[in-house]
Number of protein chains: 2
Amino acid sequence: MPLKNTGTEQHIKDTAKRLLFAEGKLHATTQEIADAAGVNRTALHYYFRSRDLLIAAIFQDAMQDLSQRLNECMISDESFKAKTEKIISVFLKHMIAFPYQETFLVTEMNTLGKNLITNIQSDPVKSYLKEAAVEMEKGTIEKMNPIHFLMNLFSLLSYPLIMAPLYKKLFRVSGKDFKELIEERERLIISLLFKQ
Amino acid sequence: MPLKNTGTEQHIKDTAKRLLFAEGKLHATTQEIADAAGVNRTALHYYFRSRDLLIAAIFQDAMQDLSQRLNECMISDESFKAKTEKIISVFLKHMIAFPYQETFLVTEMNTLGKNLITNIQSDPVKSYLKEAAVEMEKGTIEKMNPIHFLMNLFSLLSYPLIMAPLYKKLFRVSGKDFKELIEERERLIISLLFKQ
DNA sequence: TCCTATCTTAACATTTTTGTCTAACAAAAA
DNA sequence: TTTTTGTTAGACAAAAATGTTAAGATAGGA
């Protein structure tokens, strides 16, 4: 709780978030982060004491942010399909902004991540899964373990963005064309998951 | 090219592959790799000169291995659906054995990966994509940019395994149950991608 | 005006890791 | 038996990165 809030602490966090989760420089050193933020390296220690604490802070921020917005989608008062469309929209925006956040999570799961993951609320997810089961009974989506439905949804959303740098090379697609491909997926995923 | 082939070089590679790509210890030090292989750290330098060269070697091996098997599926003499089933089977086996290899690729794309990716043959992929387009005309799969079809396929295959540690916690599923879930996906993915 | 939180500069200690070198040794090959 | 090969052991140099500390500078608030 700083008395004079100069915004430097937040600026450092934002910069670190951009470097790691947007640009994919997962091994960025404290020096690189400080340089990118235009502050002295000691300022990082002044605010966060250690690199690990800074990283933990930005990861927690990002997860908090995303999971809250997803929870809002999941417990909203709309139809299952409308909810799913919102989830897709929210998640896709997040993935476009921070494509490396999930990769970071996977690589650091064994070390930093352990505690952070347990913070994820699972109640909204459970209620969303229940609704999926109802839809399966109604026949609007194919019958399967609802967990499969969720895995399918997030697979189709996340993976192409995680692999974007590879796919651009492999398919020889420009950044602009790839962006268009990704945008197309919003309705493609819906039409793949829903029968009607 | 050792005169007496004692298998130590291969053993080191296999161990490194297991540590990094199977167990996900992507930051394993030369000491840790040597210990896991039961050899002296000097032996690593004796065979590979540097950590980077060792890593590059195992990554190239693994990519070579996988892409060759996938290419065989893609250019085989079977129906499109049969090919796709084989691709799923081959890729799933690989992902189960080395779930962290793709994550490693993503994190190291900017440094080591640059050269390695260009080695990927894209001709079999191109011919597979053409066949997909034919199937779309026939109506056996939904009409879309064939690149979407391929992205969908690999998304549905890869992502759940990349995220396995997270999903197990999130859904509170045991390793055994999760393995069953993954095995179910083999036919689930087919039924999702093919209309008939 | 004085104080204090914010932030810089600079120097330095520490740790971690990589990579190198040399000596030694066992076992197979010549 | 001698040589070569594969491998260990130990010591060490060098680099990279983190973290600490002390000494200011500066500006806004009391």
Side-chain angles (χ1 to χ4, degrees), chain A residues 1-21 23-61 100 104 107-108 110-113 115-116, chain B residues 1-21 23-61 100 104 107-108 110-113 115-116:
Chain A
M1 217 72 68
L3 296 186
K4 313 180 204 174
N5 190 341
T6 56
T8 304
E9 179 169 6
Q10 191 57 45
H11 176 62
I12 292 172
K13 285 209 278 187
D14 290 342
T15 306
K17 234 161 111 175
R18 174 170 57 79
L19 272 186
L20 274 81
F21 302 154
E23 298 176 18
K25 291 167 186 163
L26 300 186
H27 308 325
T29 64
T30 52
Q31 189 64 63
E32 283 165 336
I33 297 169
D35 288 351
V39 301
N40 194 281
R41 194 169 62 89
T42 24
L44 261 70
H45 291 97
Y46 177 75
Y47 283 112
F48 303 98
R49 288 229 316 283
S50 76
R51 182 185 189 275
D52 279 2
L53 286 173
L54 166 60
I55 304 292
I58 63 167
F59 183 75
Q60 205 144 23
D61 274 19
Y100 288 90
F104 175 83
T107 63
E108 305 298 281
N110 305 316
T111 59
L112 296 170
N115 325 313
L116 303 177
Chain B
M1 217 75 68
L3 296 186
K4 316 178 206 176
N5 190 342
T6 56
T8 303
E9 179 170 6
Q10 190 59 45
H11 176 63
I12 292 172
K13 285 209 277 188
D14 290 342
T15 306
K17 233 162 109 175
R18 175 170 57 80
L19 272 185
L20 274 80
F21 303 154
E23 298 176 17
K25 290 166 187 163
L26 300 186
H27 309 324
T29 65
T30 53
Q31 190 62 63
E32 283 165 337
I33 297 169
D35 288 350
V39 301
N40 194 282
R41 193 169 62 89
T42 337
L44 260 71
H45 291 97
Y46 176 75
Y47 284 112
F48 304 99
R49 289 227 317 282
S50 77
R51 182 186 188 274
D52 279 1
L53 287 172
L54 166 62
I55 304 291
I58 63 167
F59 184 76
Q60 206 144 22
D61 274 18
Y100 288 91
F104 175 83
T107 61
E108 304 299 281
N110 304 317
T111 59
L112 296 169
N115 325 311
L116 302 176

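Here the structure is a predicted model, which means the values were calculated and not measured. Below, read A as the first sequence line, B as the second, and so on, with proteins coming before strands; counting in each chain starts at 1.
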Contacts of A:T8 meeting side-chain hydrogen bond (donor to acceptor under 3.5 Å, both in side chains) (sequence neighbours excluded), chain-then-number -> A:T6
Which residues pass the salt bridge (Lys or Arg N to Asp or Glu O under 4.0 Å) test with A:D14, not counting sequence neighbours?
none
For A:K13, give me all partners under salt bridge (Lys or Arg N to Asp or Glu O under 4.0 Å), at least two apart in sequence or on another chain.
A:D61
Does the structure show a Watson-Crick or G-U wobble partner for D:dG6, both distances under 3.5 Å? Name it, or say none.
C:dC25
Measure CZ/B:R51 against P/C:dT18 and give the value in whole Å, please.
6 Å
Residues within residues 27-34 of chain B bordering DNA chain C, heavy-atom distance below 4.0 Å:
B:T29, B:T30
Just how far, in rounded Å, is P of C:dT6 from NE2 of A:H11?
16 Å
Using every non-hydrogen atom in the two residues, find where A:I33 and A:T15 come nearest and quote the distance to one decimal.
O-CG2, 4.1 Å
For the pair made of CG in B:L54 and P in C:dG19, what is the distance, rounded to whole Å?
10 Å
When the distance from CG of A:L53 to C1' of D:dG19 is rounded to whole Å, what number comes out?
12 Å
Here the distance between atom C1' of C:dG19 and atom CZ of B:R49, to the nearest Å, is 12 Å
What's the shortest heavy-atom distance between B:L19 and B:A28, and which atoms?
CD1-CB, 4.4 Å
What is the distance from NE2 of B:H45 to C1' of D:dA9, rounded to the nearest Å?
15 Å
For A:S50, what residues pass the side chain to side chain contact (heavy atoms under 4.5 Å, CB included) criterion, not counting sequence neighbours?
A:D52, A:L53
Strand-adjacent residues in residues 35-42 of chain A, judged by heavy atoms under 4.0 Å from DNA chain D:
A:R41, A:T42
Residue pairs passing the salt bridge (Lys or Arg N to Asp or Glu O under 4.0 Å) test where at least one lies in residues 31-51 of chain A, sequence neighbours excluded:
none
Rounded to whole Å, how long is the line connecting atom CG of B:D52 with atom C1' of C:dG19?
12 Å
Partners passing side chain to side chain contact (heavy atoms under 4.5 Å, CB included) against B:F21 (at least two apart in sequence or in another chain)
B:K17, B:I58, B:F59, B:A62, B:F98, B:Q101, B:F104
Ring pair (Phe, Tyr, Trp, His ring centres under 6.0 Å) filter on B:H27, not counting sequence neighbours, yields A:H27
Nearest-Å distance for atom pair OH/P, residues A:Y46 and D:dG24:
18 Å
